[in-house]
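A note on names: the letters A, B, ... follow the listed sequences, proteins ahead of strands, and every chain is numbered from 1. In what follows, every heavy atom counts, from backbone to side chain, and hydrogens, waters and symmetry copies are set aside.
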There are 2 protein chains.
Amino acid sequence: MNLLALRSHNAALLLDLLRRAGRAGVSRLELAERTGLTPQAVSKITARLREDGLVTEAGRQASTGGKPRTALRLAPEAGHAVGLQLDRDELRAVLVDLTGAVVAERRAALDLGAGAEAVLGAVVSEVRRLTEGLLSAPPPDRGGRDPSPSHSVSPSPSPSTVLGVGVAMPGPLDHTHGVLQRVTGFPEWDGFPLRDALARRLGVPVVLDKDTNAAALGLAVGGEVGAFAYLHLGTGLGAGLVLGGAVHRGTRTGAGEFGHQVIQLDGPPCPCGNRGCVEALCLTAVARGDIDEAARVLGEGAANIVGLLDIDLVLLGGRTVAAEPERFVRGVGAVLDARARREGASSPVPVRIAPGGARAVAEGAAQLLLAPLFGRTHTR
Amino acid sequence: MNLLALRSHNAALLLDLLRRAGRAGVSRLELAERTGLTPQAVSKITARLREDGLVTEAGRQASTGGKPRTALRLAPEAGHAVGLQLDRDELRAVLVDLTGAVVAERRAALDLGAGAEAVLGAVVSEVRRLTEGLLSAPPPDRGGRDPSPSHSVSPSPSPSTVLGVGVAMPGPLDHTHGVLQRVTGFPEWDGFPLRDALARRLGVPVVLDKDTNAAALGLAVGGEVGAFAYLHLGTGLGAGLVLGGAVHRGTRTGAGEFGHQVIQLDGPPCPCGNRGCVEALCLTAVARGDIDEAARVLGEGAANIVGLLDIDLVLLGGRTVAAEPERFVRGVGAVLDARARREGASSPVPVRIAPGGARAVAEGAAQLLLAPLFGRTHTR
DNA sequence: CCACTTAAACAACGCTGTTGCCAAAGTGCA
DNA sequence: TGCACTTTGGCAACAGCGTTGTTTAAGTGG
């Protein structure tokens with residue numbers, strides 16, 4: 001690591017704290033305490049960030065007997081990112097600002113079977129329309145006296161502050177290379193380099209990830225900290241894992257294959273070829289209307305994850321869960337509590353419905369582009 | 001991160017590469033390439049490390065038409081660490097040098113039920129005897145011209161180069177605070193602050209961890225890279241997880257609770273209170289002599305981990321595995337291969353016997369002290 | 001023997017966060 | 001209203017990091 005890397009590392013540290021502080025902002029001194037940097041270092045770094053337009057002063061805090069602290073906060077309009085959720089039959093796109101707040105949204109029907117050309121065309125057109133407003137209406141002057149073209153990030157007169165597009169999709173894919181793999185039911189997409197194809201057409205960076213990972217990333221940014229598992233029960237069953245504050249993807253972006261965990265040896269066959277998969281057991285129960293049994297099965301799977309990884313929180317999401325949220329939370333929680341009690345844990349691991357609803361995946365996809373700014377790039 | 005942290009970060013980066021290179025050593029230029037630092041930076045940093053006695057020149061490499069590269073390697077005798085494995089009825093202690101090589105070893109009977117005073121006394125006495133040789137025979141002069149007392153690490157004339165003692169134990173415990181929890185069968189140890197008690201008596205830093213985590217750390221240092229799971233099948237069944245090059249312990253040091261993963265819903269009861277735990281199923285099969293079935297059950301559990309975390313390798317260890325290594329490797333491998341094939345993976349995840357044998361845990365425990373020097377402290 | 005190549009130290013430098021100092025901006029008591 | 005006190009945060013000087021430019025060391029090959 002060299003001095004440039006150190007510089008951006010510390011800047012990211014501060015930006016992350018500023019993001020978590022929200023509109024109210026944080027004082028320089030609190031930033032210093034929480035990062036371990038000296039107040040003077042924080043002053044210098046935030047001065048650069050203000051010159052770059054990323055940070056603004058946001059009023060004063062109450063005095064404690066001396067000069068009151070000046071609150072600093074992110075300048076939301078200093079950067080934007082597009083989050084794209086591609087499903088088998090639908091497309092959802094959101095435009096978020098630097099704080100992660102949704103600025104605009106679009107939805108459209110999509111036919112993944114229509115071929116690469118048609119799909120790419122539709123996607124490009126939707127993204128263009130979503131960002132149109134930004135291109136025509138430049139952001140207001142932020143009061144930075146010196147445009148200082150020497151800095152890498154110079155949002156001021158730029159026609160667009162869009163950092164890039166994050167794409168979230170189901171099915172196996174390679175996050176590192178941005179390539180699709182064996183999209184269920186659509187063999188023509190196998191091996192398609194979606195990231196590079198989109199990046200070329202749109203002229204901005206593109207990042208590809210699994211929908212569950214995107215959702216988990218969004219949740220990690222939106223307040224949940226530490227280590228948690230996001231379990232998504234919709235037409236299938238998958239998981240997004242956040243360990244040590246970062247999304248765990250594994251070497252081949254395969255992590256989170258929760259649905260085909262075997263929890264009943266030699267159980268009923270699953271379309272995947274295994275027997276006794278959580279997904280098969282859970283969805284079968286849902287199909288026959290036995291939500292409590294589905295929740296119990298899901299709970300056993302969740303308890304396995306909790307025990308194996310010692311995580312702090314389980315979040316539930318997806319269409320099937322959304323139909324009966326309380327019963328799923330109660331059923332899964334009951335299994336976790338029972339197991340935790342047996343193992344003598346002091347406090348059980350909480351279970352909650354993941355906030356964000358149907359937009360969670362698209363919002364998380366946008367975070368794929370914002371994350372590097374805030375230094376969330378530890379684990380693979 | 002400040003400049004001092006940057007300095008030790010880069011030093012740790014180089015020390016880690018030097019450790020992996022072994023006796024043969026690495027050239028400065030190769031270190032530069034692999035760290036991304038400039039050759040001049042590597043020269044400066046290694047010069048400091050040589051002054052501190054941590055690094056030595058180790059001959060020249062073959063010339064490629066110009067001045068031949070000078071190989072650098074770790075000075076093994078510059079630092080030592082004690083690794084201690086405490087079992088229900090036995091104690092094993094090793095003394096390792098900076099490269100992780102075992103310098104001395106002791107074994108003794110131990111009765112965990114004899115009370116804290118007796119156990120601590122026995123442990124302290126064993127550690128003292130193990131390190132006696134170091135105290136009486138100071139390491140030979142390493143040729144550093146300037147003792148430079150300004151540096152933090154100054155091994156030269158110091159009576160002892162022992163960095164501390166790593167303690168590995170089964171059962172639940174708190175790595176962060178060094179406290180035991182509910183040691184199975186020995187309620188008197190519940191809540192005992194073993195780390196601090198030992199550190200006070202020995203006068204050196206002590207680190208406490210689960211035996212499976214220690215073994216996994218040792219394996220991670222000893223060559224295995226990336227992400228892998230170490231599955232330990234002895235009197236119980238546990239796992240050590242290495243993700244992104246670091247041991248994953250979880251918030252409460254509870255990660256790796258592999259034995260009580262439920263893989264057969266409503267299966268046979270386990271002493272832990274659950275039904276259908278891998279441990280119960282596996283050990284029952286072993287008890288009735290059905291090793292192949294035990295291996296199959298273990299394999300299903302292993303496949304769940306591999307799928308959930310997308311890891312690169314499964315390592316097997318423990319007394320029960322050691323009795324029939326080939327059959328376990330074959331049986332677990334068969335399940336992993338079958339599942340990987342169904343999911344269309346390009347190459348199956350390999351299964352091997354963990355090297356190190358009976359000493360693996362103690363050696364890994366010693367690495368608990370060495371790890372910070374080499375910068376392996378990312379994940380919790 | 002000498003031109004050439006490659007490695008690594010030396011010297012000067014830019015930039016990082018740190019330290020010491022001082023102006024700014026409040027509170028609270030007389 | 002005035003003044004002592006507290007606290008924030010900028011300015012200036014500085015030590016130390018890795019970088020760049022140059023020189024010396026130590027080989028190969030014709």
Side-chain angles (χ1 to χ4, degrees), chain A residues 1-14 18 25-52 55-73 144-146 148 150-152 375, chain B residues 1-14 18 25-52 55-73 144-146 148 150-152 375:
Chain A
M1 176 178 282
N2 58 22
L3 286 172
L4 237 90
L6 175 65
R7 174 180 167 145
S8 64
H9 170 88
N10 283 339
L13 229 55
L14 294 186
L18 286 160
V26 216
S27 68
R28 290 174 178 81
L29 283 169
E30 193 178 337
L31 289 172
E33 279 170 25
R34 297 180 52 175
T35 54
L37 294 169
T38 59
Q40 184 58 25
V42 172
S43 273
K44 278 194 180 178
I45 298 169
T46 54
R48 284 201 300 263
L49 294 175
R50 280 192 299 155
E51 274 192 10
D52 293 345
V55 168
T56 335
E57 297 199 342
R60 313 219 136 139
Q61 298 180 349
S63 164
T64 62
K67 176 173 174 177
R69 303 181 172 188
T70 318
L72 299 174
R73 64 171 174 80
R145 294 162 305 167
D146 182 15
S148 81
S150 67
H151 291 100
S152 53
Chain B
M1 178 179 283
N2 57 21
L3 287 171
L4 237 90
L6 175 66
R7 174 180 167 145
S8 65
H9 170 90
N10 283 340
L13 228 56
L14 293 186
L18 284 160
V26 216
S27 68
R28 291 174 178 79
L29 283 168
E30 193 178 337
L31 289 172
E33 278 170 25
R34 297 181 51 176
T35 55
L37 294 168
T38 60
Q40 184 57 25
V42 172
S43 273
K44 280 193 178 179
I45 297 169
T46 54
R48 283 200 300 263
L49 294 175
R50 280 193 298 155
E51 276 192 8
D52 294 346
V55 168
T56 334
E57 298 201 339
R60 313 222 134 135
Q61 298 180 349
S63 165
T64 60
K67 176 176 175 177
R69 305 181 172 189
T70 317
L72 300 174
R73 64 170 174 81
R145 295 162 304 167
D146 182 17
S148 78
S150 67
H151 290 99
S152 56

What distance do A:Ser43 atom OG and A:Leu31 atom CG have between them, rounded to the nearest 0.5 Å? 9.5 Å
Judged by each residue's nearest nucleotide on DNA chain C, which is more toward the 5′ side, A:Leu37 or A:Ser63? A:Leu37
Considering just the side-chain nitrogens and oxygens of A:Thr64, establish if one lies under 4.0 Å of OP1 or OP2 belonging to D:dT7. no
Rounded to whole Å, the CG-P distance (B:Leu29 to D:dA26) equals 16 Å
Specify the separation, in whole Å, of atom CG of B:Asn10 and atom P of D:dG18. 5 Å
Here the gap from B:Glu57 atom CD to B:Arg28 atom CZ, rounded to the nearest 0.5 Å, amounts to 5.5 Å
Provide, to the nearest angstrom, the distance between the CD atom belonging to B:Gln40 and the P atom belonging to D:dT23. 15 Å
Less than 3.5 Å between a donor and an acceptor, one on the side chain of B:Lys67 and one on the base of D:dT24, is that the case here? no
Base, sugar-phosphate, or nothing: which does B:Leu3 touch, judged by heavy atoms less than 4.0 Å apart? base
note: A:His9, atom NE2; D:dC17, atom P; distance rounded to Å ~ 17 Å
Rounded to the nearest 0.5 Å, what's the gap from CG on B:Leu37 to CG on B:Leu13? Could you check? 7.0 Å
Just to be sure I understand the rule, does A:Leu4 reach a base, reach only the sugar-phosphate, or reach nothing, if contact means heavy atoms closer than 4.0 Å? nothing
How long is the line joining CZ of A:Arg7 and C1' of D:dG16, in whole Å? 18 Å
May I have the distance from B:Leu31 (atom CG) to D:dG18 (atom C1'), rounded to whole angstrom? 16 Å
For chain A and DNA chain C, what are the first and last nucleotides along the strand, 5' to 3', with at least one atom under 4.0 angstrom from a heavy atom of the protein chain? C:dG14 to C:dT27
Rounded to the nearest 0.5 Å, the CZ atom of B:Arg50 sits from the OG1 atom of B:Thr56 at a distance of 9.0 Å
By the 4.0 Å heavy-atom rule, please label A:Thr70 as base, sugar-phosphate, or nothing. sugar-phosphate
Whole-Å distance, A:Glu57 CD to D:dG10 C1', equals 12 Å
Please name the pair of heavy atoms, one in A:Arg60 and one in A:Thr70, separated by the smallest distance, quoted to 0.1 Å. NE-OG1, 4.3 Å
In terms of the nearest nucleotide of DNA chain D, which residue is placed more toward the 5' end: A:Lys44 or A:Arg69? A:Arg69
Short side-chain to backbone donor-acceptor contact, B:Asn10 and A:Met1, under 3.5 Å: yes
First locate atom CG of A:Leu29, then atom CZ of A:Arg34, and finally report the distance between them rounded to the nearest 0.5 Å. 13.5 Å
